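One structure below.
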Amino acid sequence: MVHLYNLHPFGSQQVVPCKLEPERFCGGGRDALFVAAGCKVEAFAVSGQELCQPRCAFSTLGRVLRLAYSEAGDYLVAIEEKNKATFLRAYVNWRSKRTESSRVCIRLVGHKVEAPFSQTLRDQMSIVEMPLSEAPLCISCCPAKGDLLVGCTNKLVLFSLKYQIINEDFSIVDFERSLIIHIDNITPIEISFCVGYVAVMSDLEVLIVKLESDPKNGESISHYSHETNKPVKQAEGTRNETLQLESDDFVICQKPMELLGEKSEQSGVSVTLESTGLADEKIKYFHVQHLLYRRFAPDISSYVLSDDIKLHSLQLLPIYQTGFFTSDRKNSSQEKELLSLFCFFSLPHVGYLYMVVKSVELMSVYQYPEKSQQAVLTPQFLHVITSNNLQCFTVRCSAAAAREEDPYVDTTLKACPPVSMDVCALRIQLFIGLKAICHFKNHVVLLTKANPEAAPERRESPKRLLSRTGTSVKLKAPPAAEAGWNLYIVNTISPVQLYKEMVDYSNTYKTAKTQGCIHLLSEAHLLVRAALMDAGQLEPGEKAELLEAFKDSCGHLGDCYSRLDSQHSHLALPYYKMSGLSMAEVLARVDWTVEDALQKYERGLIFYINHSLYENLDEELSEELAAKVVHMFHVAEPKQLPHVLCSPSLKNINPLTAVSYLRKLDTSGSSSVLVTLTKAAMALRMGDLDTYRNEMEIHSEMKLVSGFILEPRLLIQQRKGQIVPAELAAHLKDTQPALLVASVLGLQKNNKIGIEEADSFFKVLCGKDEDKIPQLLVDFWEAQLVACLPDVVLQELFFKLTSQYIWRLSTRQPPDTIPLRTSKDLINACGHYGLIYPWVNILLSSDSLADKNYTEDLSKLQSLMCGPSFDIASIVPFLEPLSEDTLSGLSVHVLCRTRLKEYEQCIDTLLERCPEAVIPYANHELKEDNRTLWWKKLLPELCQKIKCGGEKNQLYLSSLKETLSVVAVELELRDFVNVLPEDGTAAFFLPYLLYCSQKKSLT
């Protein structure tokens, strides 16, 4: 279905002042128009709204049959005919042609130019002749790289664009014949080439293939690197049968066919590559990927009219990544990155537009109201000419390209009208006698000519027209120049101007709330989007104007989807986001009078407001707008009301108004605790502590935690990207800190808050700097260890806790609040906190701390170090602030060395600082493989200490007796005698020797 609007995409027009009737014409980049007539090509300067002026002219070898221009390389190429022979010639450096009589350099393709001629080539036009073994039929220039593809009977020849470097300041355009593509069974009448994609069209067939540079299946650079065999045999059999059956009385028509992707290899068309380029060529094509084959069948009832059964206007249209253009013309083509590619071709009454890059699919079908003669595709429009009309259709290229360029399209962040949306005709403009059309920049060039009153020409046999085997391209010689022709340049109006007209036109649909309004606004949106994607064609001041129009179009589409109750109403959200409108500005566009009277709010508006309130936008609505939003949700989505009231955007809502709506809610079910908490939060805002306490006492603490999990914003909010504790959280910190910690832990368990966010929340809540840790955060860390959360990295949590414990012990800083758990609570509740070793308690028994507040931190640190999960090596660098001068610090250091199995150093330290702890330490630590330290380390050290004497001699002597008792049990008599000191008193050691000698008989 094609919608028809009466808009005005065409603006002013002017007549091109050419002297002879044009035979061929084409655009020349951004500022030129080439017109071929007779044996001459005229170039005209085209700039904005100024009159078209002659620029230069140059003679050709003969009559021009085909004409094409390449912006990459800035050259013009023509197929010329002289004496029934055809020639292929490229005109380079044509801008240096001042007069028609100026000198011209003619050279063969690939001919190396000597340096002495460089100055001459710099100042004059050059003609590059490209000889071919067969007559050229059609040509196409790659719009990105400037390579030239030439169509001949059963083959295509690719000339790669090259630059001959004469010196460091000057290079000339040249070509190299790099590839021959052999295509059997199709004689091209039109071809199109773009970045390795080749489209070939005969009278009733279209083939699209991709030339790939990556070798597959071990293919090399040799000739004929890819070939399609089986389909060829099948096709040849079909054609032989056709030749046998055809006679003067029968016409054999093959059935219509459409093959996409890999299936197109079954078309019966053989494609073979023959590499002819140099070995050092940068890009070589090794493989052919078939993308599309389409064959049409003629309408038998009208087979006598040859033009009715022929395809025309084959075109590949590329769309590039936005922003990849440079001002250097020679390198600009290399900087373009292909985003999407589209292929268009047309029958006289139907046009087809395909997307052919990542997937091959038919995007749009254009039904013309009358027979078309030619069409040209642009990123924004499809221009079609009939005998008396210039028709302008919309296209979906920008919609498809937008989805390739931006992965966020079709999400809640961004949207774009669908590719499948029906196309429309913006204008059918009357032009008498249209014959040909071309397009460049924002100009449409039209050739008109009054039909001469001549006898009808003899037509070819229908058999000849319908059979592909006899297809060939024969260009009829032009008649003598006749009066009544004109060549027009029609300027298309700016996209912004046409957009504004489309928006004004859409207002006629607004009151009816129909899909027509959305369709036209979607067309306007795609128009602006296409103009933004074609950034290389924008004037300096146009981009900002287009961006403003783009946002405006998104706002209009958001309005439509927010007010229409349809399956696509959710699109209001991404369109409003792209519009840049604030929530208050969106709400100001709502007709509240009508809505209040009907008490009906459409799904699109509810969906947008609900998501916006959830996304923590840094916007606070006024009290009036906040009340309207609350009323809207009370009517349309009452279950969402508690969530809506917790949004920072509704901070200015009157608490009394909020409570009045909350009381009307049905509190049955799981949402009852959420309603209760919301009421409590509103009572707290009003300063009504009695109501607050009454509400908080309705549910148990665990139930309240589940309520906070349902709506985290009751505790934690975000403003301008920063964590902001809610008023209720601040109150719980002072009155119910355990509930607050449990609630935040529940949020983390349910992935409602991250680890770093939770830490930041407690710091902000307690008013601490980034480098200071409040006790409430330490309580939270301890709660994380107890809860054993799966996403918490244990060693990081151990590091946080131990570093905090050590800092407090080293600086004698007490916790700022009473800890929620004691060390005994943690040991009983958490497996990561281990029982403190007995010798540690003995070590600390003689220590009297000035402030008992530190004992809890010390016990928690020791308990963690005694636990099974703690990586003791990670704590060593952080023990330096904790001095060993105190017994508390000493206990930590000795405990650390013990866990690192540095037992001998620990024995030395304990003998020196706390000898009463040596034997308990040895009993606990010197076991199994470490038992030898009793007689190898502890026994000699004690004997040495006793020899030295001193005030601790009695402690050493007592420890020695305990050690001898253990050693006597462990060693045989001979080994025991060997470990005893040689200068010891025999009477002292005799009881232990007797026990050691008698233990065998005792056992």
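A quick note: this is a predicted structure, and the numbers were derived from the prediction, not measured.
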Quiz item: Between Trp935 (side chain) and Phe976 (backbone), is there a donor-acceptor pair under 3.5 Å?
Solution: no
Quiz prompt | Ile709 backbone acceptor or donor facing Lys752 side chain under 3.5 Å | solution = yes
Quiz item: Hey, is Arg713 close enough to Glu711 for a salt bridge, meaning N to O under 4.0 Å?
Solution: yes
Quiz item: With sequence neighbours left out, which residue pairs that include part of residues 723-743 fulfil the side-chain hydrogen bond (donor to acceptor under 3.5 Å, both in side chains) condition?
Solution: none
Quiz item: Quick one: does Ser647's side chain have a donor or acceptor within less than 3.5 Å of a partner on Val644's backbone?
Solution: no
Quiz item: Any donor-acceptor pair under 3.5 Å linking the side chain of His893 with the backbone of Ser888?
Solution: no
Self-check item: Contacts of type side chain to side chain contact (heavy atoms under 4.5 Å, CB included), residue Asn828, not counting sequence neighbours
Solution: none
Quiz item: Please, which pairs that meet salt bridge (charged side-chain N to carboxylate O under 4.0 Å, His left out) have at least one residue in residues 876-890, sequence neighbours excluded?
Solution: Glu884-Arg897
Quiz item: Should the ring pair Phe798 and His832 be called parallel, tilted or perpendicular, given that the plane angle runs from 0 to 90° and is split at 30 and 60?
Solution: perpendicular
Quiz item: Of all residues at least two apart in sequence or in a different chain, which pass the salt bridge (Lys or Arg N to Asp or Glu O under 4.0 Å) check with Arg913?
Solution: none
Self-check item: Distance-only side-chain donor-acceptor flag, Glu925 / Trp839, under 3.5 Å
Solution: yes
Quiz item: If only atom types and distance count, is the side chain of Asn652 paired as donor or acceptor with the main-chain N or O of Leu621 below 3.5 Å?
Solution: yes
Quiz item: What residues form a salt bridge (Lys or Arg N to Asp or Glu O under 4.0 Å) with Glu941, not counting sequence neighbours?
Solution: Lys937
Practice problem: Check for a donor-acceptor pair, side chain of Ser810 on one end and backbone N or O of Ile806 on the other, with a separation under 3.5 Å. | Solution: yes
Quiz item: What pairs meet the side-chain hydrogen bond (donor to acceptor under 3.5 Å, both in side chains) rule with one or both residues in residues 942-955, with sequence neighbours excluded?
Solution: Glu912-Lys945, Lys947-Asp983
Practice problem: Quick one: closest heavy-atom pair of Pro981 and Cys943, and the distance? | Solution: CG-SG, 3.9 Å
Quiz prompt | Asp618/Arg719 under salt bridge (charged side-chain N to carboxylate O under 4.0 Å, His left out): CA gap, chis, key distance, verdict | solution = CA-CA 6 Å; Asp618 300 325; Arg719 290 176 190 166; over 6 Å; no
Donor-acceptor list for residues 691-699 side chains, cut-off 3.5 Å, not counting sequence neighbours:
{"residue": "Thr691", "atom": "OG1", "partner": "Asp688", "partner atom": "OD1", "Å": "3.2"}
{"residue": "Thr691", "atom": "OG1", "partner": "Asp688", "partner atom": "OD2", "Å": "2.5"}
{"residue": "Arg693", "atom": "NH2", "partner": "Asp690", "partner atom": "OD1", "Å": "2.8"}
{"residue": "Asn694", "atom": "ND2", "partner": "Asp690", "partner atom": "O", "Å": "3.1"}
{"residue": "His699", "atom": "NE2", "partner": "Thr676", "partner atom": "OG1", "Å": "3.3"}

Can I get a per-line list of side-chain donor-acceptor pairs under 3.5 Å for residues 917-924, giving both atom names and the distance, sequence neighbours left out?
{"residue": "Tyr921", "atom": "OH", "partner": "Thr898", "partner atom": "OG1", "Å": "2.9"}
{"residue": "Asn923", "atom": "ND2", "partner": "Ile919", "partner atom": "O", "Å": "3.2"}

Quiz item: Under the 3.5 angstrom rule, does the side chain of Ser649 hit a backbone N or O of Glu619 as a donor-acceptor pair?
Solution: yes
Quiz item: Distance-only, no hydrogens or angles: does the Ser859 side chain make a donor-acceptor pair with backbone N or O of Glu856 under 3.5 Å?
Solution: no
Self-check item: Distance-only side-chain donor-acceptor flag, Ser891 / Gln862, under 3.5 Å
Solution: yes
Quiz item: side chain to side chain contact (heavy atoms under 4.5 Å, CB included) with Lys961: which residues, sequence neighbours excluded?
Solution: Leu957, Phe988, Tyr992
Self-check item: side chain to side chain contact (heavy atoms under 4.5 Å, CB included) involving Val630 - partner list, sequence neighbours excluded
Solution: Leu641, Leu645, Leu650, Ile653, Tyr661
Self-check item: Partners passing side chain to side chain contact (heavy atoms under 4.5 Å, CB included) against Ile872 (at least two apart in sequence or in another chain)
Solution: Met865, Phe870, Ile875, Cys896, Arg899, Leu900
Quiz item: Which residue pairs satisfy the side-chain hydrogen bond (donor to acceptor under 3.5 Å, both in side chains) criterion with at least one member in residues 779-790, sequence neighbours excluded?
Solution: Gln748-Gln784, Asp759-Trp781, Gln775-Asp779, Glu782-Tyr805, Glu782-Lys860
